[in-house]
Amino acid sequence: MSETKAPSNFIRQIIDRDLSEGKNDGQVVTRFPPEPNGYLHIGHAKSICLNFGIAESYKGACNLRFDDTNPEKEEDEYIQSIQRDVEWLGFEWAGEVRFASNYFDRLYELAVELINKGLAYVDSLSPEQIAEYRGNFTTPGKESPYRERSVEENLALFEKMRANQMEEGEAVLRAKIDMQSPNINLRDPILYRIRKKVHHQTGDKWVIYPMYDFTHPLSDAIEGITHSLCTLEFEDHRPFYDWVVENTSVAATPRQYEFARLNLNYTVTSKRKLKQLVDEGHVDGWDDPRMPTISGLRRRGYTPASIRHFCESVGVSRADSVVDMAMLEAAIRDDLNQHAPRAMCVMNPLKLVIENWEEGKEESLTAPVHPQNETMGTRQVPMTREVYIDKEDFREEANKKFKRLVLGDRVRLRYGYVVRATDVVRDDSGEIIEIRCSYDSDTLGKNPENDEGQGKLRGVIHWVSASKGLPCEVRLYDRLFTVPNPGKVEEGQTFQDNINPDSLKVLSGCWVEPGLRGVLAETRYQFEREGYFCVDQDSSDNLLVFNQTVGLRESWPKDN
RNA sequence: UGGGGUAUAGCCAAGUUGGUAAGGCAGCGGGUUUUGAUCCCGUUAUUCCCAGGUUCGAGUCCUGGUACCCCAGCCA
């Protein structure tokens, strides 16, 4: 795929302006900050491409930092999968992987600093009371009776929290800002809470954990992040982000900018919902090819380049939007059309017997690996007396628009000869189980002569030698949900009610050309006239298994 | 309801000092084709959420509306 320059967007414009004003010593440092509580999905890919992409084009750096401030939901499995996915997408983070938990000591010091400045206090209100005191959209909050504790008392209490001398829910550390603020995030936001949980990185060292709103700006500042890019829902948090940076003794002053998250129709991009799909068994796992996760897309056959290209093509703006799945499919078609080797696979086999082909005779036909790219070379395809064609490619009668095999008429076997269907063989129930035909030996690489009265060849169909082909299984996928916005549900319904019951169709008894013997998982092909397919990890020497990545574009009239 | 945002084609999305609506996806029409694919050519907004106003001139400026999204976790 041609490397196109990343298109401009409002964030790049901000960076250009900052650079022209000489801010941050001309440095651009971004970060991708996932919480390790689920697998990455296509929405994260947008953020990854944005953050790493900016770092690349401005010769800056992008850190990978796990935002691991909540040990209750986080797991090492997610940490591993996230790193794998970022690398697979083709990005390289600056230095070592970072963890917000690396900064817990420093964060604790800075919290103490806030207490000393009279800007933070230990609140002993219960969780329920805190919610009540916070007020709501229309009612201003009330100040906690513990708000005016002395610095000494706060210090002592915070130390008690840290030293495991209090129970969960007994106390929290809060910033002292403004309980009247129309921005609820400024009504004395909580900085630390007690959680007696073993942390995947810090073990049992801590029983208090800092909140995201406190941790994030400081982690950014500590790492020297210049542009901290996040999604729109954090916009209301920005005043507190700036408050934290201004009121603590960190050197850098990172700035937060928000962009619209990616939404795709006919799927969900919410870690919570994706986890439900996995946990409730609606899919086979986080890497189920129907999942919009990076690992699911990978198993489906998407390439890193196609995902990056897709992220580029959807752009970056501040408008809530829902991108059409067709755009994602266009991105992978574009890549695979150019790069995937071609092969023939018959999914609904129907035997075709060529009566004038000598018994036992085998001919090796030469076919290009890619018809539009001869540098990809050629392949050999064995031709024998009996071949399989697709049931869909034969009709006893059809009008002129049907460009496949019709009884009494001719069609070309792709890369091979022209055949004429002369008869059909039926089973007891009347179903056609075999087609008898003849072939014209003078049609290899050229059209039949003496065409008078014959009309044009109807078309070309794919086929696989019945004796030389390889048996395989093909898994066909459809959208996971039946409605464009699965998350939007009526009263009493859930998004699971919108799951498409027919999103997976397994085709067994398929046949693929023998050149594919022994192919490795993740190898991608275009099965000609069918679509793009990818070798699944379940594939074995005994039975090849292919996942359909996406079909070919189809633009023929359905009325024939 | 208080605060914060966003509105440009079916879907994304450019449009930056006001100068006469990019591009991609999807669609439609045609050509090439041993893949009903690809490729190629053509085509799709008299109008930018609505209504007023300023101006020679407004998607861009002003005023007033409307719709939608986010926020009331000791989640991120």
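We use all heavy atoms of the structure for the numbers below, so side chains are in, but hydrogens, waters and symmetry mates are not. Every chain is numbered from 1 and lettered A, B, ... according to where its sequence line falls, protein lines coming before strand lines. Keep in mind that this is a model prediction, so the values were computed, not measured.
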What's the gap between [N] and [M] when it is taken at their [atom1] atoms, as a whole Å value?
N     : M     : atom1 : answer
B:A9  : B:G3  : C1'   : 33 Å
B:C49 : B:U8  : P     : 6 Å
B:A14 : B:G59 : C1'   : 12 Å

Polar pair under 3.5 Å, donor/acceptor by atom type, side chain A:Q526, base B:U35: yes

Under-3.5 Å donor-acceptor pair between A:R529 side chain and B:U35 base: no

Syn/anti label of B:G73 as read from its glycosidic torsion, with the cut at 90° from 0: syn

Pairwise N/O distances under 3.5 Å, protein to nucleotides 8-14 of chain B:
from, atom 1, to, atom 2, distance (Å)
B:C11, O3', A:V322, O, 3.2
B:C11, O2', A:V322, O, 2.9
B:C11, O2', A:D324, N, 3.3
B:C12, OP1, A:V322, N, 3.2
B:C12, O5', A:V322, O, 3.3
B:C12, O2', A:V314, O, 2.7
B:A13, OP1, A:S317, OG, 2.5
B:A14, OP1, A:V316, O, 3.3

Residues A:E528, A:R379: salt bridge by 4.0 Å N-O rule: yes

Tell me the partner of [N], counting only Watson-Crick (N1-N3 plus N6-O4 or O6-N4) or G-U wobble (N1-O2 and O6-N3) with both under 3.5 Å; none if nothing fits.
N     : answer
B:U17 : none
B:U6  : B:A67
B:U43 : B:G27

Of A:A326 and A:Y532, the one whose closest RNA chain B nucleotide lies more 5': A:A326

Heavy-atom donor-acceptor pair, A:E168 side chain to A:K196 backbone, under 3.5 Å: yes

A:D242 and its side chain to side chain donor-acceptor pair (under 3.5 Å) partner, picked from A:Q256, A:H237, A:R255: A:R255

May I have the distance from [X] (atom [atom1]) to [N] (atom [atom2]), rounded to whole angstrom?
X      : N     : atom1 : atom2 : answer
A:I389 : B:U35 : CD1   : C1'   : 15 Å
A:D178 : B:G3  : CG    : C1'   : 13 Å
A:D334 : B:A37 : CG    : C1'   : 13 Å
A:Y415 : B:A37 : OH    : C1'   : 11 Å
A:F259 : B:G4  : CZ    : P     : 22 Å
A:L328 : B:G24 : CG    : P     : 18 Å
A:R342 : B:C39 : CZ    : C1'   : 12 Å
A:E21  : B:U16 : CD    : P     : 19 Å

Short heteroatom pairs, N/O only, protein and nucleotides 27-31 of chain B, under 3.5 Å:
none

Per-nucleotide protein contact string for nucleotides 71-76 of chain B (B base, S sugar-phosphate only, - none; heavy atom under 4.0 Å): BBSBBB

Side-chain N,O (A:R238) to OP1/OP2 (B:G4) below 4.0 Å: no

Options B:U34, B:A37, B:A26, nucleotide nearest the side-chain atoms of A:Q372: B:A37

